[in-house]
Amino acid sequence: MATVAGPARGNAIGEALRQARKAADTEYGIWSWIATVDHKRIGIMYGVTAFFFFLAGGIEALVIRLQLATPNGSIVNADQYSRIFTMHGTTMVFLVVMPLSAAFFNLLVPLMIGARDVAFPRLNAFSFWTFLAGGIFLNASFFTGNIFEGRLGAPDAGWFGYATLTSRQFSPGHGVDFWAMGLQILGIASMASGFNFIVTILNMRAPGMTLLRMPLFVWMTLVTSFLIIFAMPVITVALFELMFDRLFNANFFNPAAGGTPLLWQHMFWLFGHPEVYILILPAMGIVSEVLPTFARKPLFGYPFVVLSGVAIGFMSWGVWVHHMYTTGLGTIANSAFGISTMLIGVPTGVKIFSWLGTLWGGSISLRAPLMFAAGFIAMFTIGGLSGITHSIVPSDYQQQDTYYVVAHLHYVLFGGAMFALFAGIYYWFPKFSGKLLNDALGQVHFWLMLIGFNLTFFPMHISGLLGMPRRIYTYSGDNGWDLWNLMSTVGAFTIALSILVFMINVAITARRGDRAGSDPWDGRTLEWSIPSPPPPYNFAEIPRVHALDDFWHRKYTEDAQGRPVPIPAGAALAPEPEHAEGGHGIHMPSPSYFPLIAAIGFPLIAVGLIYDYAILAVGAAVLLVGLYGWALEPATEE
Amino acid sequence: MEHAAAGSGHLETSTGLDNRKLLMWLFLGSECLFFGSLIAAYLLYRDRSLGPPFPSDRVFNGVHYEGLFDIPFTSVSAFVLLMSSVTMVLALAAIQRGNRRSMQVWLLTTALLGTLFVSGQAYEFTVFHREGLSLGSNLFGTTFFVLTGFHGAHVTIGVLILLSLLAMSFQGRIQQKDSLNVELAGLYWHFVDVVWIVIFTLVYLIQP
Amino acid sequence: MTLSELRKKRGAPERPAEPAADTGHREKHPGPLEYAQIGVVLAIVTAIEVGIYYLDMAHGLLVALLIGLSLLKFSLVVLWFMHLKFDNRVYSSMFLFGVFLAVLIFLVALSTVGGKLV
Amino acid sequence: MRFLRARRIHLSRALSALLVLGLLALLLAGCETDTPQNTFDARGEVAARQRDLFYMAMWPAIAILILVCVVLVVALLRFRRRSPDELPKQVHGNTTLELTWTIAPALLLLVLAVPTVTAIHDLGRPPRADAFHVNVTGIQWAWQFEYADLLDDRGQPLTSLGELHVPTGREISLTIRASDVIHSFWVPKLAGKLDAIPGRDNVMWLKADEDGSFSGQCAEFCGRGHAGMKLTLIAQNQEDFQAWANEQRGGGG
């Protein structure tokens, strides 16, 4: 490889950078992680980071539940409660479910389509570091108050940040500034990975991997990525408008100047509803991978499931007003969006029935991944059906902003997304660690979580229907809500316990887990055809794909009755043969520090906007150094 | 200029399309939503300002206010940006034929035209500000400055990209085989121009 | 051991770096003359736009004409200068999806909030 | 652990059944109670219509839920892997089945859509001209009521804070506003909510079928005092209502 002369060459700093980059090109050590552009390592970092934020968001949830366990709770005051539930919502959406999905995109997409990496490995590293920077920045807001006096500095206007509550007048302090800019930074990270995965999926497929041979998870990643790149700009603009209002006295959401707070709601939900599908589609993709493997049966009606996923992606643009039925938009708007909301239930239903069809007649191994996937189906069905009740607009006038909605959204995002993500963790853990998670502990985790989850959130349907509004920090004892809230609190701690079991499981497995071979579950997709953990270059030789579930077809052929017959030849089962020698040269991208440097620029710019323009200038300089260094350094260097 | 790493191992992509060019088009598609949101906010609040200054002549509370917009001036500005698109595409045509010198001339011209446009905008902002228009003055000030300001920021970034390309070409790093770099910068540049075509019509020419 | 050493040890011969050929160009791009011609057309259309702005005509007609002319300019730049006329359809679909989505959702949104569109 | 594995099937069957039944029992228990803000316990035309619509969606939803859960549990138990080398028939799909479960839900939803849209228009109609008119303003953190139809000696409309008095049986027209941030006006037993948005007038109507005091509270998060932003709607017969109005006039004068 001809080395292109870098601008950094010839001076000491540049030389040091080159040396550092070289040093990072090893398999071990902290620098090899910091400068990595390997999609698998980035995926693992995404997952671990998101899990830490999950614990943070979970602790916030427990505080909320403790406060509401009994009437007139006094664990936190109204102000602290506002900040904690705002951070809980923001954290769980932007710092947990989205990045956990991103972790799976990173880990799996290149493996599933038979690629050596994503299309833009450094952009990928940039996404991760920007996400981390945004997450830390957002949580740093807690410390802008005086935490020892119990004054938290976190945002206090809800994760949805409805104007005018977010204006400087009604939310003094810097909480909302941190929130807006934190989301802005996280948006950059999501957009970058959205672009990256679309290009990767369209362009990096192995020979023969036509679009309709792609695993369903890859399809869902594609749809999700499109939703990300088209939905994020809308919230970006909305957040800019909010920042202009707060920092420079602009009037976007100022009724006194003739502005309307509804503009914020429209923009927020124009982004927000596709966002809901950004959260749930990857989960659907995971389940669609887990079920066929553990039932030893292909996904029922694959083209229909793909189509319904794509349909959901399109339709998600036409339902945003169902978050705004009670804002008084008029009968025509409410009718139209009521009907569109009902319609989006159809492709969702198709998916649920297709999953049942996949299980039916299979040979189902009831291991932890399958249990979580099955739990997902049941819980998501409840969430989907309560969603249908929301489309009955006049009935929703009653349920809007009550605990009924809290129940609904948690059935979708926890019962749905988190159950599926745990299914994915149990399923793919052996692929990336080389060790199988303990199944018995997995079962304990599953049942505790299922029971705890239902104990927490099912009663919320009832407290909501009994008239309990969301986001109240306290309630009196005469409303009949006490029992339901107490149940929710007990349930929340049961969930916490189940998460503890999971962490113990990971710890035990790390010490003395069963070694997993390359294909512990009798998998169907390409990632199981390579060693566990996969080598940095994934495939010694790029596979040639002949069918959907290609790896399965390498292991089994079908007899006349359609029953699979194992192919006896061991060769087909062997993890990639070592014939890289004679074959293609494997050309991996070199590690780079510049994505990290560029990412550090963003929180500096944000802090600068809030406190001091000098910091902003430093941040901008750091960002520019990162971007120029990145653009000018060669992608690969030997 | 575009930060890209060619994929690993694949020299040919599954679709036959270049990774970086695909990325650029996706980015531009996504930018449509960005500018769409800004333009929508402008349209929503057009003619809803509760006080002067106004974009065009108007009687308010019995007082006649002269509009701020100077159509001849802005038309010249719009023309300048439009012509910069022509010079941009000529730069691309030049490098695709291997004519580096010609490309450099056209790139420089484009960057200069872009700078001229941004300077015109800065002048316009100054004049408007002297007339009492600011981000906080009324809805018109808010939406106008934010919309055109973000557009101006895009043009500025475009100029920086063009100058970077120019610098690289003087180092001999933009050869005929690297014409994709120029093409990508061009796509971005034309997009910014196209956005101005829309803004010029919807914001300046069409008055309620 | 560094990854590059590992790779060398595996004996993978390095393939010489070639610039990725952009096979996205299905047809040849037009030449400078054509570009210049389109530039002239764009200039003329702009002049017409500004001209009719000063004409005294019905508001509806003016709006329709102006939008029509700006669409024409938009298409000329996108199709020729950005080569969508000549390049692979995938590129144009990515872009046009964004354009149409933006127009569609904001038309609906504006009419729902009661915004004046033009 | 071995015990767990052996018993897992029975355990899971029992647990699943318990779970589903328990959940349903809970839901039904919820509807029965007579608590101040129970949306099932409708005391006015609007709330009753909204509750009936909820039931209309709830029962099919429960039926579908049971169907899905039963199929799921049966599939998991009946088709569980009995030997490690068991290989089922590879079924890739069934077009008839797939079309059915696309079209059937669509039809069901269509059936639900008709009464929904009708109700949106019935409940969303403008209030009648002879309705009793009240201007409601949400303020951090209280509700202020201005009785446009009740004037005091100086010709100013009567006002009250936190307590809304209305005549029973008469249509009440509410113009809802906010003076600072967004609030949401809600009296669960009489009608669903409508947001109070600064710079915007939202109009709704409701009717109390019987005398009584009905509790409500702000439903849109509006800052620290959100939880305490309550109101009581007191529906009175004509005499009592007049008496109250006269008392207010006297007190206010």
Side-chain angles (χ1 to χ4, degrees), chain A residues 78-79 158 162 164-165 170 255 260-261 296-298 300-301 304 326-328 331 334-335 338-339 342 346 349-350 353 356 359-366 374 377-378 381 385 389 392-395 397-398 400-401 440 454 458 462 465-467 469 471-474 479-480 558 562-564, chain D residues 1 4 19 23 26 30 33 35-39 50 53-54 57 61 64-65 68-69 71-72 75-76 79-81 86-93 98 101-102 105-106 109 113 116-117 119-121 123-124 181-182 184 188 192-195 197-199 202 217 219-221 223-224 226-227:
Chain A
D79 184 66
Y162 274 7
T164 51
L165 196 54
F170 299 110
T260 170
R296 281 200 175 139
K297 207 169 145 273
F300 194 91
F304 250 67
T326 61
T327 55
T331 51
N334 281 358
S335 306
I339 290 173
M342 288 182 181
V346 174
V350 168
F353 294 126
L356 293 178
L359 289 174
W360 196 266
S363 161
I364 304 168
S365 153
L366 297 172
I377 297 178
T381 304
L385 289 168
T389 64
I392 314 292
V393 183
S395 147
Y397 295 157
Q398 287 283 16
Q400 166 83 343
D401 277 317
N454 282 291
F458 199 85
I462 298 163
L465 291 170
L466 291 182
R471 297 158 188 147
I472 52 173
Y473 80 102
T474 187
N479 273 309
E558 276 175 34
R563 293 203 169 272
Chain D
M1 291 303 180
L4 201 68
L19 207 64
L23 295 183
L26 277 181
T33 57
T35 54
Q37 293 185 185
N38 188 346
T39 57
Q50 290 167 337
L53 281 170
F54 179 72
I64 294 172
L65 174 64
V68 169
C69 287
V71 173
L72 179 66
L76 291 182
F79 300 107
R80 66 180 187 275
R81 194 172 295 169
E86 190 178 67
L87 287 165
K89 190 168 168 233
Q90 302 290 290
V91 180
H92 293 271
E98 287 159 33
W101 65 47
T102 311
L109 288 171
T116 301
V117 172
I120 292 174
H121 284 86
L123 301 180
V181 301
I182 299 180
S184 193
K193 50 193 82 63
L194 187 63
D195 292 354
I197 299 168
N202 275 334
Q217 68 186 101
E220 184 65 82
F221 178 64
R224 273 174 292 129
H226 173 54

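Remember, it's a predicted structure, so these values are computed and weren't measured experimentally. Below, all heavy atoms of this structure are taken into account, side chains as well, without hydrogens, waters or symmetry copies.
- Each of D/Val91, D/Val71, D/Leu194 has some count of heavy-atom pairs under 4.5 Å with chain A, and the biggest count is that of D/Val91.
- The residue among D/Gln37, D/Gln90, D/Arg224, D/Gln50 with the most heavy atom pairs within less than 4.5 Å of chain A is D/Gln90.
- One finds the OG1 atom of D/Thr35 at 4.5 Å from the CG atom of A/Leu466 (value rounded to the nearest 0.5 Å).
- Using a 4.5 Å cut-off between heavy atoms, A/Pro394 touches chain D through backbone and side chain atoms alike.
- Looking at every heavy atom in both residues, D/Glu86 comes nearest to A/Ser363 through OE1-OG, 2.7 Å.
- Contacts between D/Ile120 and chain A at a heavy-atom distance below 4.5 Å involve backbone atoms as well as side-chain atoms.
- When heavy atoms are compared at a cutoff of 4.5 Å, D/Gln217 approaches chain A solely by way of its side chain, counted from C-beta outward.
- In this structure, the portion of D/Leu123 lying under 4.5 Å from any heavy atom of chain A is its side chain and not its backbone.
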Problem set entry | side-chain contact (heavy atoms from CB on, under 4.5 Å) assessment of D/Asn38 paired with A/Leu465 | CA-CA 6 Å; D/Asn38 188 346; A/Leu465 291 170; 5.6 Å; no
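- Contacts between A/Phe353 and chain D at a heavy-atom distance below 4.5 Å involve backbone atoms as well as side-chain atoms.
- With ring centers used as reference points, D/Trp101 lies under 6.0 Å from A/Phe300.
- Of the atoms belonging to A/Ile339, it is side-chain heavy atoms, and not backbone ones, that fall under 4.5 Å from chain D.
- Contact annotation for A/Tyr473: both backbone and side-chain heavy atoms come within less than 4.5 Å of a heavy atom of chain D.
- Within the model, atoms CZ of A/Arg296 and CG of D/Leu87 stand 5.5 Å from one another, a figure rounded to the nearest 0.5 Å.
- Chain A forms more heavy-atom pairs under 4.5 Å with one residue of D/Val68, D/Ile182, D/Val117 than with any other, namely D/Val68.
- Of the residues considered (A/Thr389, A/Asn479, A/Asn334, A/Thr381), A/Asn479 shows the highest number of contacts with chain D, using heavy-atom pairs under 4.5 Å.
- Per-residue heavy-atom pair counts under 4.5 Å with chain D were compared for A/Arg563, A/Gln398, A/Glu558, and the maximum is reached by A/Gln398.
- Only the side chain of A/Leu356 comes within contact range of chain D, judged by heavy atoms closer than 4.5 Å.
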Problem set entry | Check against side-chain contact (heavy atoms from CB on, under 4.5 Å), D/Thr102 and A/Phe304 | CA-CA 10 Å; D/Thr102 311; A/Phe304 250 67; 3.3 Å; yes
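- One finds the CZ atom of D/Phe79 at 9.5 Å from the CG atom of A/Leu359 (value rounded to the nearest 0.5 Å).
- Of the listed residues (D/Gly93, D/Pro88, D/Gly192, D/Ser184), the one with the most heavy-atom contacts under 4.5 Å to chain A is D/Pro88.
- Ranking D/Gly199, D/Gly124, D/Pro198 against chain A, the residue ahead of the rest is D/Pro198, based on heavy-atom pairs under 4.5 Å.
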Exercise. Step by step, would you call A/Met342 with A/Ile392 a side-chain contact (heavy atoms from CB on, under 4.5 Å)?
Worked result: CA-CA 8 Å; A/Met342 288 182 181; A/Ile392 314 292; 3.7 Å; yes
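- Side-chain atoms of D/Asp195 and A/Thr327 include no donor-acceptor pair closer than 3.5 Å.
- With a threshold of 4.5 angstrom between heavy atoms, A/Ser335 approaches chain D through its backbone and through its side chain.
- To the nearest 0.5 Å, atom CG of residue D/Leu53 and atom OH of residue A/Tyr397 are 10.5 Å apart.
- Ranked by heavy-atom pairs shorter than 4.5 Å toward chain D, the options A/Val350, A/Thr326, A/Ile472, A/Asn454 are led by A/Thr326.
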For this session: Using the side-chain contact (heavy atoms from CB on, under 4.5 Å) rule, take A/Tyr162 and D/Glu220 through it: C-alpha gap first, then chi angles, then the decisive distance, then the call.
Result: CA-CA 10 Å; A/Tyr162 274 7; D/Glu220 184 65 82; 3.5 Å; yes
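- Per-residue counts of heavy-atom pairs under 4.5 Å with chain D were compared for A/Ser365, A/Ala78, A/Gly480; the largest is that of A/Ser365.
- If you take CG on A/Leu165 and CZ on A/Phe170, they are separated by 8.0 Å, rounding to the nearest 0.5 Å.
- Among D/His226, D/Lys89, D/Glu98, the residue with the largest count of heavy-atom pairs under 4.5 Å with chain A is D/Glu98.
- If you measure heavy-atom distances from A/Gln400 to chain D, the contacts under 4.5 Å come from both the backbone and the side chain.
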